[in-house]
There are 2 protein chains.
Amino acid sequence: MVERGGSGVPGGRRKQRVSMADVAKLAGVSSQTVSRVSNGHAGVISSTREQVLAAMRELGYRPNSAARALRYGRFNTIGVILFSLSSTGNSRTVEAIATQAAAEGYAITLIPIDVPTQDNVLGAFTRMGELAVDAVIVIMEIHLLDTGTVQLPPGVHVVVVDSDAGDRYSVVDTDQADGARRAVRHLLDLGHRTVWHVTGPETSFAGQRRTQAWRAVLEEAGCPVPPPLHGDWSSESGYAAGQELARLPDCTAVFASNDQMALGLLRAFHELGVRVPEDVSVVGFDDIPDAAFFVPPLTTVHQDFAEVGRRCVKGALDQIRARGGARPGTDLVPTSLVVRRSTAPPRG
Amino acid sequence: MVERGGSGVPGGRRKQRVSMADVAKLAGVSSQTVSRVSNGHAGVISSTREQVLAAMRELGYRPNSAARALRYGRFNTIGVILFSLSSTGNSRTVEAIATQAAAEGYAITLIPIDVPTQDNVLGAFTRMGELAVDAVIVIMEIHLLDTGTVQLPPGVHVVVVDSDAGDRYSVVDTDQADGARRAVRHLLDLGHRTVWHVTGPETSFAGQRRTQAWRAVLEEAGCPVPPPLHGDWSSESGYAAGQELARLPDCTAVFASNDQMALGLLRAFHELGVRVPEDVSVVGFDDIPDAAFFVPPLTTVHQDFAEVGRRCVKGALDQIRARGGARPGTDLVPTSLVVRRSTAPPRG
DNA sequence: GCTCCGCATGTTTACGTAAACATCTGGTTC
DNA sequence: GAACCAGATGTTTACGTAAACATGCGGAGC
C-alpha cells in the first residue's frame, strides 16, 4: 500500500477524477487519440486502441459529461416539472417518459414543486432555465399556464401535459372529454335515466374537462343534469360523496372523475347497504391496476399513460432537433372504456 | 424583421445561446463583472450592477450549467436508478427524494431500467458513470447487488435502498422485519392460533425479509407455521391466494406482504362469503392511501417513505461533502402498525 | 529513386464559467 | 504632497472534451 512519488495512479488523492489526459499519459498517446477511442471513431490502429482501452480500465476512466455537454451544447437530458408523483397518472406518465427518453439516449431530470404557489412555480421555471436540460416537459394539474400569469422562459423547448395552453405551447394530453363521454354514454346506453357525477378538484384542468363532457352528453341526450358532487381525487372525498348519494333513491348511476373516488363510493355504498351494480352503477376514470380488484371490479375509462409519455418525449425531441421555437398545438391520446362488473342496467 | 450585420441581438440565428461575453459586451463591462453579478458577489457598484442586470434581461441570459459544472466539478444532481415507478413505494420514495434534494439545491436524474436483466443493469451503471451526477441512489427491488454479480463503478457515491448490501454500500431501508413482526404479533395478540402468509416475489429482498420475520415470530411464539402462499405483489396474486385460503376452515388470520395483495384477498373472501374480520382477519403492508377505503378498511403496516427518501438524500450529500468513498452501513427507518377494521379476535 | 497520397497520430483551439491575480482609481493619512 | 490603501473592475488561466487543422510516415506509381 506504499505509494511512491511520481505521477502515481489513484489510491492516494492526487486527483478527484481521471481525465483523458491521465489516460493519454499512461497509454503513451495524445489525449485526442483517447478521445477517438472513447467515441469509437475509426482511424485508430488496433494495437493503439488496445493500449488506450487498457489504460482506461486501469485508471477507471469515465468521460466527464459536463465537458461533453459544454462542447456539444447539449445535455441529452429532458427536465420534467411536476407537482406530485403520488397520483397514479403522474407517476405512470413520468415512468413512460423516462423509459422512452432512455430509449432515445436521454435522461430525465425531475423538478418537483411541493407547494404550487405562483412563486414556487416561477422559481422552478427560473431554476430550470439554468438546469442541465435540453427541453422541458411540464405536467401541470393546475392551470397556471393557461391564465398567462405564469410564463415559461423563452427559448426553452417545452411540452405541456394536461393543460389548456395549446395555443401557445405544444400540448400532449389524454382526450379527457372523449373518455368522459364514453363513460356517460355507457351508462345511458344501459338504460339509466341520468348519471350523477363526482368531480375532481376545480383547479384541475383534466377534472374540468371530464365534468364538462359529462354535462354535455346529458344535455345532448335530453337527460336531467343533477348537481355534481365535488371531490378532490381522494378516496375520502369519494366516500363522502357516496354517503350523500346513497340517500337519493333516484340515483341509479354515478360517474366518478377518477378511480380512487370511485373506490370511496363503493365503500360508502357497501356500508350503507346500497348494492353495486344492482342498485347503483359506478364508473371511474383512469383504470388504475387495482380497479379490477375492487369489490365489485370497476368499470372505468382506461388512460394510456404510456402513450402520453411517448408522445411527450417525441414532441420534445422534435423541438430539440428542429431547433425551432415551441410549435403550439394539441395532441390528444384516445381512451377506451373497460367494462367490468360495477355497471348494469337499472332495476325495474 | 430585417436584420442588419453587426453583432445583432438574437431573433436571427447568430448564436444558439447567450453567454456572459454577450452580456458583457452589451453592458460595456468585462465578463468577470457579469459573473460577479450573476453570482451575487459583493464588490460591484450598484450602477454597474444595474447595467449588467438590464443587459441580462434584454438578452435573456441564463447561465450555462455545463460550464458551471465543468468549472466546479459538481453537477448538483443526484441520479436515481430504479426498475419501476409503478409501485406506490417506489414512486413515493422517489418523490420524497426529489423534494428533499430540491430543498438542498440538488436536482434528480431518473435512470429507469425497464427489464432488469443483468446486461441492462450493468449498462445503466455504466451509463450512469458518464452521467451528470454527483451521487447515485439505487432503488433495487431485486437483490442483484447482494450477490456480487453486479458491481457499481468504483469512485461513485452510492446509497442503496431496499437491499442487503450493507456491508459494501451505504444502505437505507424501511425496517421490514420490524414491520412484519408488528403485523404478526398484532394478530397473535388478538388471540389467533397462528397466522397465514402471502409472500411477495422471491426476487424481492423486502419480501424475503417480511416472510422471514413472519416465520420467526410464529416460531418464537410456538405457533404452527403454515405453508406460505406465493404472491408477486399484484392484487391478482392476492386474489388467487384468497381463493385457496377461503377453503381452509382453520385459517382465521392472514398477513399479506403488501396492501395490493391484501386487496385481492379481500375481494376473494367477499366473493366466497368469507367475512372480514369476523371469519378471517387480514393485515397488509405499506399503508397505501387507498387502504383506509378498502372494504373493510385495512389494518396494515405503515411505511414512512418520506423519511426513507430524506435519509437517502442525506446519505448521498454526506458522501459528496466528505468526498470519502462509500461508507457501508445500514440505516433502518421504523414502521408503525395502523389498526383499522380488517382485524378482530377469532370467533369462539 | 522521387513524388504524391492516404492513413495514423499529434497540436491547437473553443465551448462558458469563475478563481486568482493584475490594474486602476480616488481618497486618506502622516 | 507622497505613499499607501481599499474597493471596483479587467485579464489570465484552467476545467475536460472533441472538432479542425497539422504533421509525419510508409507505400504506390512513374
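The structure presented is a predicted model; accordingly, all values stated were derived computationally and were not measured. Below, each value reflects all heavy atoms present in this structure, side chains not excepted, and no hydrogens, waters or symmetry copies. Chain identifiers are assigned alphabetically (A, B, ...) following the order of the sequence lines, protein sequences preceding nucleic acid strands; residue numbering begins at 1 within each chain.
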Exercise for review: Would you mind telling me which residue lines up with the more 5' stretch of DNA chain C, B/Leu70 or B/His41, judged by nearest nucleotide?
Suggested key: B/Leu70
Exercise for review: Scan for salt bridge (Lys or Arg N to Asp or Glu O under 4.0 Å) pairs involving residues 94-103 of chain B, sequence neighbours excluded, and state none if there are none.
Suggested key: none
Check your understanding: Under the salt bridge (Lys or Arg N to Asp or Glu O under 4.0 Å) rule, what pairs show up with a residue in residues 101-112 of chain A, not counting sequence neighbours?
Key ->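 Pairs touching residues 101-112 of chain A that pass the test: A/Glu104-A/Arg321.
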Review point. Given D/dC15, C/dA18, D/dT17, which nucleotide is nearest the side-chain atoms of B/Tyr72?
Key: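 For B/Tyr72, the side-chain atoms sit closest to C/dA18.
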Review point. Do B/Thr93 and B/Ile137 touch side chain to side chain, with heavy atoms closer than 4.5 Å?
Key: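 Side-chain contact under 4.5 Å: no.
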Which donor-acceptor pairs under 3.5 Å do the side chains of residues 306-315 of chain B make with protein atoms, sequence neighbours left out?
unit_1   : atom_1 : unit_2   : atom_2 : d
B/Glu307 : OE1    : B/Arg310 : NE     : 3.1
B/Glu307 : OE1    : B/Arg310 : NH2    : 2.9
B/Glu307 : OE2    : B/Arg311 : NE     : 2.8
B/Arg311 : NH1    : B/Asp331 : OD1    : 2.7
B/Arg311 : NH1    : B/Leu332 : O      : 3.3
B/Lys314 : NZ     : B/Asp318 : OD2    : 3.2

Please state how far atom [atom1] in [X] lies from atom [atom2] in [N], giving the value in whole angstrom units.
| X | N | atom1 | atom2 | result |
| --- | --- | --- | --- | --- |
| B/Asp22 | C/dC15 | CG | C1' | 13 Å |
| A/Met20 | C/dT9 | CE | P | 15 Å |
| A/Arg74 | C/dC15 | CZ | P | 17 Å |
| A/Asn64 | D/dA18 | CG | C1' | 13 Å |

Practice item. Please identify each residue that fulfils side chain to side chain donor-acceptor pair (under 3.5 Å) with A/Asp134, with sequence neighbours left out. Key: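 Checked A/Asp134 against side chain to side chain donor-acceptor pair (under 3.5 Å); zero matches.
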Check your understanding: Among all residues two or more places apart in sequence or in another chain, which pass the side chain to side chain donor-acceptor pair (under 3.5 Å) test with A/Asn76?
Key ->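 A/Asn76 satisfies side chain to side chain donor-acceptor pair (under 3.5 Å) with A/Arg74 only.
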Study note, to complete from the structure: Counting primed atoms, P, OP1 and OP2 as sugar-phosphate and everything else as base, the B/S/- map of nucleotides 8-14 of chain D against protein heavy atoms under 4.0 Å is SBBB--B
Practice item. For the helix from C/dG1-D/dC30 to C/dC30-D/dG1, measure the angle between the helix axis at one end and the axis at the other, each built from five pairs, rounding to 10°. Key: 50°
List the atom pairs, with distances to 0.1 Å, where a side-chain N or O of residues 28-39 of chain B and a protein N or O form a donor-acceptor pair under 3.5 Å, not counting sequence neighbours.
unit_1  : atom_1 : unit_2  : atom_2 : d
B/Ser30 : OG     : B/Gln32 : N      : 3.4
B/Ser30 : OG     : B/Thr33 : N      : 3.4
B/Ser30 : OG     : B/Thr33 : OG1    : 3.4
B/Ser38 : OG     : B/Arg68 : NH2    : 3.4
B/Asn39 : OD1    : B/Arg68 : NH2    : 2.9

**Study point:** Contacts of type side-chain contact (heavy atoms from CB on, under 4.5 Å), residue B/Thr109, not counting sequence neighbours
**Key:** A/Ala107, A/Thr109, B/Thr77, B/Ile111, B/Val133
